[in-house]
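Taking it in order: structure first as structure tokens, then the write-up.
Counting starts at 1 for both ligands and their atoms, in listed order. In this text, all values refer to a predicted model and were calculated from it rather than measured experimentally.
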Amino acid sequence: MTVIVTGGAGFIGSNFVFHMLNTYPDYRIICLDKLTYAGNLSTLEPVMNNPDFRFVKLDICDREGVNRLFEEERPDIVVNFAAESHVDRSIENPEIFLQTNILGTQVLMDACRKYGIKRYHQVSTDEVYGDLPLDRPDLFFTEETPIHTSSPYSSSKAGADLLVMAYNRTYGLPVTISRCSNNYGPYHFPEKLIPLMIVNALADKPLPVYGEGLNVRDWLYVEDHCRAIDLIIHRGRNGEVYNVGGHNEMRNIDIVKLICKELGKPESLITHVEDRKGHDMRYAIDPTKIHNELGWLPETKFEDGIKKTIRWYLDNREWWEAIISGEYQNYYEKIYGSRARH
Ligand code: NAD
Ligand code: TDX
């Protein structure tokens, strides 16, 4: 089997590349990645010399380049992680989100149609369902929940999902979609909540919590997400959507306090700042379908996963120090410089 993994130099994609190379020694894994600010070739260093692995620097919007790669490799499966993924950036500059997340998905699927594949898998997100109220803990996102997006990011992901289903129905392209809750774990870019708080706390810098920090996210260890996608691409039913989540809802403020505790840092570092525009209140996934159909269950409990993640950031300082020393400074100033204390 030859599998093209797009966005494999990013957080979840790189964890998936490692998962696939470890799990299927007879597979060929091709990573296609543009290496945007979020892509990091050093992450893939351990597998660069693996004869079953190939890295190709390419934009998924580059139709000619994508077709050439498909011509050369004739993939059986394509797993699309490549995306602009940060909500705050989408609020600042939506356009690149529409380009990569929607038009890039179209280019990939056109190549899949042209060269023929067994499965195109779209890595989507629970954010396409919008949010749930805090006072209705009985409500969860199922695969039947209507699409109802809040941010340019989630709207671009929802647009891509609709296009994937249209290619399935109109052209008969074999597809699946997974919609996962918030991931955490190694190689998470330090613009996202958990790695940002770890990195700032280690430097005794303020921990910028948006608003009161009462928003709830449903956290899943990245390896559990990778196992879910592995199951879906091999055994998931053509044309189906699968929600992925581990029933692990936590308030942002409680996560930040936990990180302070684990690192022995004072909670006085916590700084409440102006809220995110259009901030979704609560995400919560009902994973019954993937459990019943494919037997998937999360394996890592949050208490263990967060400890492992913090340990990883302590043991791999050079990975994130290289990131926060460059262009990241401008980004940080742009997003947080103008955010007044709340
Ligand atoms: P990330 O930002 O860490 O990585 C994205 C990767 O895609 C980077 O390596 C980047 O270089 C690459 N990329 C961006 N634009 C590209 C383009 N035009 N062509 C080729 N490569 C390009 O993102 P992530 O957190 O690993 O998320 C991966 C996928 O999973 C995304 O589709 C995201 O929407 C989805 N998702 C993420 C989460 C989460 O909690 N992080 C949860 C659910 C779904
Ligand atoms: O500095 C911060 N302070 C803060 O309070 C940051 C970066 C975030 N937050 C809050 C906003 C959210 O309520 O923490 C929560 C998590 O924020 P993010 O890490 O930006 O994630 P989120 O917006 O929930 O989106 C993530 O999960 C779904 C991923 O970035 C998406 O790619 C994925 O689809």
Close N or O approach (Asp126, ligand 2; < 3.5 Å) | no
For atom 19 (O) of ligand 2, what is the nearest protein heavy atom, given as residue, atom name and distance?
-> Leu193 N, 2.8 Å
Candidate pair Val241 and Arg179, rule side-chain contact (heavy atoms from CB on, under 4.5 Å), full reasoning = CA-CA 7 Å; Val241 173; Arg179 294 184 178 144; 3.7 Å; yes
What part of Ile194, side chain from CB on, backbone N/CA/C/O, both or neither, has a heavy atom under 4.0 Å from ligand 2?
-> neither
Determine whether the side chain, the backbone, both or neither of Thr100 has a heavy atom under 4.0 Å from any heavy atom of ligand 1.
-> side chain
Top protein contact for atom 20 (O) of ligand 2, by heavy-atom distance | Arg276 NH2, 2.9 Å
Distance-only N or O hit between ligand 2 and Tyr283, under 3.5 Å = no
Part of Asp126 with heavy atoms under 4.0 Å of ligand 1, whether side chain, backbone, both or neither | neither
Are Ile306 and Trp219 co-members of a hydrophobic cluster defined by side-chain heavy atoms under 4.5 Å apart?
-> yes
Does Ser14 come within less than 4.0 angstrom of ligand 1, counting non-hydrogen atoms of the residue?
-> no
Polar contact flag for Asn215 and ligand 2 (N/O pairs, less than 3.5 Å) = no
Examine the proximity of ligand 1 to Glu127 and report which part, side chain or backbone, both or neither, has a heavy atom under 4.0 Å away.
-> neither
Ignoring hydrogens, just give me the one of Leu108, Val244, Asp33 whose non-hydrogen atom is nearest atom 9 (O) of ligand 1.
-> Asp33
Side-chain heavy atoms under 4.5 angstrom apart, residues restricted to Ile, Leu, Val, Met, Phe, Trp, Tyr: same cluster for Leu162 and Met109?
-> no
Quick one: does ligand 1 sit under 4.0 Å from the side chain of Asn80, the backbone, both or neither, non-hydrogen atoms only?
-> neither
Among Trp219, Phe16, Tyr153, Tyr283, closest by any non-hydrogen atom to atom 33 (C) of ligand 1 | Tyr153
In this structure, atom 33 (C) of ligand 2 is nearest to the protein heavy atom Tyr153 OH, 3.5 Å
Would you please determine whether Cys180 falls within less than 4.0 Å of ligand 1 on a heavy-atom basis?
-> yes
Output yes when the distance from some N or O of ligand 2 to some N or O of Tyr210 is under 3.5 Å, and no in every other case.
-> yes
Which one of Gln122, Glu240, Arg119 satisfies the side chain to side chain donor-acceptor pair (under 3.5 Å) criterion with Thr176?
-> Arg119
Has the side chain of Asn215 got a donor or acceptor atom that lies under 3.5 Å from a matching backbone atom of Asp280?
-> yes
Compute the minimum heavy-atom distance from Asn101 to ligand 1 and say whether it is under 4.0 Å.
-> no
Under 4.0 Å, heavy atoms only, figure out whether ligand 2 is touched by the backbone of Glu127, its side chain, both or neither.
-> side chain
Numbered atoms and elements of ligand 2 in range of Val209, under 4.0 angstrom, heavy atoms | 5 (O)
Has Phe189 got any heavy atom lying under 4.0 angstrom from an atom of ligand 1?
-> no
Please indicate whether any nitrogen or oxygen in Thr125 is less than 3.5 Å from any nitrogen or oxygen in ligand 2.
-> yes
Could an N or O of ligand 2 be found under 3.5 Å from any N or O of Tyr336, whether backbone or side chain?
-> yes
So is Thr6 in contact with ligand 1, going by heavy-atom distances below 4.0 Å?
-> no
Has ligand 2 got any nitrogen or oxygen that is less than 3.5 angstrom from a nitrogen or oxygen of His279?
-> yes
Close N or O approach (Pro208, ligand 2; < 3.5 Å) | yes
Hey, does Phe11 come in under 3.5 Å of ligand 1, counting only N/O atoms on both sides?
-> yes
Quick one: does Ser178 get a heavy atom under 4.0 Å from ligand 1?
-> no
Polar atom proximity, Asn183 to ligand 1 (N or O, under 3.5 Å) = yes
Would you check whether Lys157 reaches within less than 4.0 Å of ligand 2, judged by its heavy atoms?
-> no
